[in-house]
J.: 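Just dropping this structure here.
Just so you know, these numbers use all the heavy atoms, side chains as well, and skip hydrogens, waters and symmetry mates. Everything numeric here is computed off the predicted structure, so don't read it as measured data. Throughout, protein chains are lettered first and strands after them, A, B, ... in sequence-line order, and every chain is numbered starting at 1.
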Amino acid sequence: MPEMSPAELRARLAAALPDALVDVAPLAMTPPPAHGPQPGMFHPPDPFVHPDHLVAAALFVRDTLGYALLSDIAVVDYLYAGCFELVYRFYHPSGGPGIVLRVRVPRDAPQVPSLTPHWPAANFHEREAFDLFGVEFVGHPYLRRIYMWDEFEGFPMRKDFPRQGDKYLGGDE
Amino acid sequence: MMEPPFEIEIPRGRVIEVQRDDSRVRRGGGLLRGMAVIWKHWKESFRLNRSYSQIHGTFTIQYPEEKPRIPEAYRNMPILLYDDETGHELCTSCFQCERICPPQVIHMTQAKDPATGKPVPAVAEFIIEYDACMSCGFCAEVCPFDAIKMDHEFELSTDDHAQLTVHKAQLNRPISYYASIAPTMWAEVRESALKKLQGNIRRRPDVIGIAPHLTERIAARRAELAAQAAAPSPAAEPASPPAPSAPTEARKLTPEEKAAKLAAIRAAKAAQAGDGVTPSAEGGTPAEAPPADDKAARLAAIRAANAAKKAAATDAAPAATGEPTTPTPADDKAARLAAIRAANAAKRKQAADSVDTEEGS
Amino acid sequence: MLQTQELQVNIGPQHPSTHGVFRMLVTVDGETVVDLKPVFGYLHRNHEQIAEANTYLQNMPYTDRLDYFNSMANNHAYAMAVERLAGIEVPERAEYIRVLMVELTRILNHASAVGFMINDMGAWQTPLAFGMREREKILDLFEMASGARLMCNYFRFGGVARDLPPEFIPNLRELLVALPAYIDELERLLRDNEILLQRAVGIGILPREVALSYGVTGPVLRGSGIPYDVRKAEPYSVYDRFDFDIPIGKVGDVYDRFLVRIEEMRQSKRIIEQVLEQLPDAKGGHINPKARQNVRPPVGDAYARIESPKGELGFYLVSDGSGKPYRYKVRAPSFINLTPLADMCRGYKVADIVVILGSIDIVMGEVDR
């Protein structure tokens, strides 16, 4: 069962696609509290990929490394840090732990190239990310809302979406 | 892209391919095989099957004439427990269930001592919205006093929606009920729950904490407390300033004992500081008495006035003899406080009189 | 020449055979399906945002309601994710109890999935009732252990909520006596039935070469011939101590998925027997006594996945150091298994859509969350 540590993945990506990798700084998820213990910074070991080279990196992972099962695309909204982080999770059909690629895009311009034309597994993940977070996937064949109705305005899972009450729930009561 | 066939090593197992066609079966035979299964079941359906190990037979339960066996752990909606013997509710309003409830359907207010306004380990009002309760059982799991438990009652349908916001009166059940539906689970926690209950009862003044529907028990308790207050107990030596007999064991004091102790300390201080102060008659305002803040003074005045009304017939002598083991109610506290002050006043007066008589004779 | 016109037909959301509130916009040419667009969201409860507002423990009953057929499996994946995030260990007996519960869930899910699929074919409740029969006994077992039949809320961080009651194991052993006969009977009822063969063989083929690229997992992937099972691929809990096989199909049609599910029921029974043999005694403890249920994990993230009866169920949790998750994402198998639905249905008849949907075995609670 193949196993690849994040460091090994980073090395192989650096060798094959040198422009793809991006170095990111540790991220603070919440504003630091006024007193008390400071929570740690978030610094995952997985390689971060530049959005422009995402498709190339994903196809490298699939074709060269053999991780053909795209399991999950998760979007996390880091409001305080001002970015969205997309976590791509790949698994090898022979088994073993998977590998993770991460992409960070700024919150005010969240465009990421879509994997769907090359990899159909990403289809619903990307539609869900678009619907709930507003991340725009350039090149997706059918980027429409998937959970909310089409005319809905707003992106519900964002951290600045009002939890109780907005124009749909009678927020001005 | 990985090309099939895949070489995948499976540890401790094989990859088996399902057998699609069964050459033993003739055309049309498959339907008949299925019908044979149905026929066997139909034949066997004329006997009852109540065993897990058989697959034939009728296992239908004729509800509602027959009820299903409900296991002990079954949880449907929460209920509150109260003790059969003393009538006290186990709930102390600690808010743990309210905090843990995922849909936030539990609401409660803590009971307060009517005399001091301090919170008492008992619950005043307890509301659960049954219509939104998920029956997850977390409230029963976290309750430190085993006061809220999960009931087995599932026939709760009603056409009155307001009835599903259930108040404490409908939530109360005796411990005997819960012990009958979940004996093993109750037996595990019974000892510790009752021990904690005893501790809580001691901290509850008056009839606070007794389930409100036990009206006879409440009336009996009130009568008992009133009897204790009105009983002319022989005057103890007024010279012992901590007048109610001090608790002999080291344990937490009841509210009345605490008040009495405080009063005794204040009286002692007053006796020290107020030498030469005009001895106030019983019922007079103890404005010169030590409580420096106005509120305590006014409170003491009110109590003294009440005590005066109560003990108007008797004279000022009796000092309270609160036994450490029986909790005395809060309204007797005022009487004893006044009695202590009166006793001290009498003592001073006596001393003054003796001085006078000495001088005057 | 007669010209035909393509017509857009709406199936659902209120439909007895769409396994919940699920809508499909089908473009048909006559009776043949040209295109299919699934529409989701009718059961969207914003579960993920509710979870961000609750503490980690308060989320446990909500995970029951994701895949409401297999609540034990949802609980397991979530408990594993939190344990990975917070670094909580699970004692052995608790692990065995967990595996026992999830394998029982697998049996009951496959039994009712098969029943529902055949019901959708028109066999009208008889196979469904057969499928639900032993399910009732397993649900009684769940009620004995956890207190509820469907919304079990049984798993806690570091173990399970309560140890198995004394009557559980004897009843389970009795059930195991009956299970082989039951599974054989369920298979014999349906397997060679000519009507089933007409309606299932060659329908809804998901070819092996493209199955992986669609991201499907579970019996759908295995029916297409790829032996990927998370229990063997990345063994979690104590699955590496059991011997069991992985059934795969040859063609990837509805019939293969049906047979794969039947065979998986048999393998689950094998696992349960091994669990009963190896179960540590009660001193092992049903929960880690040092595990706090009000966890405050350090800043970080964790992903845990299990082989739920529908596929690979994963929970991605991000913690910001407080008692509530910062991000809580569910990788729902039913949702992703619907990706190839359009391609699987193209070229078949309208009546086949329902059968294909039944063979994917979806639960809308998971699809819509």
J.: Report, in residue-number order, which members of residues 300-307 of chain C are under 4.5 Å from chain A by heavy-atom distance.
T.: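 Those residues of residues 300-307 of chain C which have a heavy atom under 4.5 Å from chain A are C:Gly300, C:Asp301, C:Tyr303, C:Arg305.
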
J.: Between C:Lys37 and chain A, which part of the residue has a heavy atom less than 4.5 Å away: side chain, backbone, both or neither?
T.: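 Looking at C:Lys37, just its side chain touches chain A.
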
J.: Is it the side chain or the backbone of C:Val230 that comes within 4.5 Å of chain A heavy atoms, both, or neither?
T.: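 No part of it gets close to chain A.
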
J.: Decide whether A:Arg89 and C:Tyr316 meet the rule of one side-chain donor and one side-chain acceptor closer than 3.5 Å.
T.: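 Absent: no donor and acceptor within the cut-off.
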
J.: Within this structure, what is the OH-CG distance for the pair A:Tyr91 and C:Leu212, rounded to the nearest 0.5 Å?
T.: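 Going from OH on A:Tyr91 over to CG on C:Leu212, the span is 14.5 Å.
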
J.: Under 4.5 Å, counting heavy-atom pairs only, tell me which of C:Ala233, C:Gly41, C:Gly215 racks up the most with chain A.
T.: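 The candidate making the most pairs under 4.5 Å is C:Ala233.
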
J.: Less than 4.5 Å to any heavy atom of chain A: does that hold for the side chain of C:Val216, its backbone, both, or neither?
T.: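 Only the backbone of C:Val216 comes within 4.5 Å of chain A.
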
J.: Spell out, as yes or no, whether a donor-acceptor pair under 3.5 Å connects the side chain of C:Gln49 to the backbone of A:Pro156.
T.: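 Answer holds: yes.
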
J.: Does the side chain to side chain contact (heavy atoms under 4.5 Å, CB included) test come out yes or no for C:Lys329 and A:Glu128, once each step is laid out?
T.: CA-CA 11 Å; C:Lys329 176 171 202 291; A:Glu128 183 193 347; 4.2 Å; yes

J.: Is chain C contacted by the side chain of A:Tyr142, its backbone, both, or neither, given a heavy-atom distance below 4.5 Å?
T.: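 Contact with chain C involves the side chain of A:Tyr142 alone.
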
J.: Looking at C:Tyr326, is its backbone amide N or carbonyl O close enough to the side chain of A:Lys159 to form a donor-acceptor pair, meaning the two atoms are under 3.5 Å apart?
T.: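 Yes; at least one donor-acceptor contact below 3.5 Å.
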
J.: Which atoms of A:Met148 are under 4.5 Å from chain C, going by heavy atoms: the side chain, the backbone, both sets, or neither?
T.: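 The answer is the side chain of A:Met148.
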
J.: So how far is it from A:Arg62 CZ to C:Ser213 OG, rounded to the nearest 0.5 Å?
T.: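 Interatomic distance, A:Arg62 CZ to C:Ser213 OG, rounded to 0.5 Å: 7.5 Å.
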
J.: For chain A, which residues from residues 330-345 of chain C have at least one heavy atom closer than 4.5 Å to it?
T.: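 Expected list: C:Arg331, C:Phe335, C:Ile336, C:Leu338, C:Thr339.
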
J.: In terms of heavy-atom proximity below 4.5 Å to chain C, should A:Leu132 be classed as side chain, backbone, both, or neither?
T.: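 Answer is side chain: those atoms of A:Leu132 sit under 4.5 Å from chain C.
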
J.: Where on A:Val100 is there a heavy atom nearer than 4.5 Å to chain C: the side chain, the backbone, both, or neither?
T.: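 Answer is neither: A:Val100 stays 4.5 Å or more from chain C.
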
J.: So does A:Tyr147 get a backbone contact from the side chain of C:Tyr42, meaning a donor-acceptor N/O pair under 3.5 Å?
T.: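 It does not hold such a pair.
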
J.: Taking every non-hydrogen pair under 4.5 Å, which of A:Ala122, A:Pro44, A:Gly98, A:Pro97 racks up the most with chain C?
T.: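 Ranked by heavy-atom pairs under 4.5 Å with chain C, first place is A:Pro97.
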
J.: Where on A:Ser71 is there a heavy atom nearer than 4.5 Å to chain C: the side chain, the backbone, both, or neither?
T.: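 Both parts, backbone and side chain.
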
J.: If you take all heavy atoms of A:Tyr78 and C:Val318, which pair is closest and at what distance?
T.: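 Scanning both residues, the minimum pair turns out to be OH-CG1, 3.7 Å.
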
J.: Measuring heavy-atom distances to chain A, does C:Ser322 have an atom under 4.5 Å in its side chain, in its backbone, in both, or in neither?
T.: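 C:Ser322 has no heavy atom closer than 4.5 Å to chain A.
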
J.: Check this for me: does any side-chain nitrogen of one of C:Arg327 and A:Glu85 sit under 4.0 Å from a carboxylate oxygen of the other?
T.: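 Answer for the salt bridge query: no.
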
J.: Please classify the contact of A:Asp131 with chain C as side chain, backbone, both or neither, using a heavy-atom distance under 4.5 Å.
T.: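 For A:Asp131, neither part sits under 4.5 Å from chain C.
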
J.: Below 4.5 Å from any heavy atom of chain C, which atoms of A:Leu70 appear? Answer side chain, backbone, both or neither.
T.: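 Just the backbone, heavy atoms under 4.5 Å.
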
J.: Which bit of C:Asn46 is near chain A, if near means a heavy-atom gap under 4.5 Å: side chain, backbone, both or neither?
T.: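 The side chain, not the backbone.
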
J.: Looking at A:Glu8, I'd like to know if its CD atom is crowded, meaning that more than 12 non-hydrogen atoms belonging to other residues, nucleotides or ligands lie closer than 6.0 Å.
T.: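 Counting neighbours around CD of A:Glu8, more than 12 heavy atoms of other residues, nucleotides or ligands fall under 6.0 Å, so yes.
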
J.: How about CD on A:Gln111, more than 12 heavy atoms from neighbouring residues, nucleotides or ligands closer than 6.0 Å, or not?
T.: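 Enclosed.
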
J.: Counting C-beta onward and ignoring hydrogens, is there a side-chain heavy-atom pair between C:Val299 and A:Met29 closer than 4.5 Å?
T.: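 Yes, side chains in contact.
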
J.: Check whether the ring centres of A:Phe124 and C:Phe40 lie less than 6.0 Å apart, and answer yes or no.
T.: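 Yes: the rings meet the under 6.0 Å criterion.
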
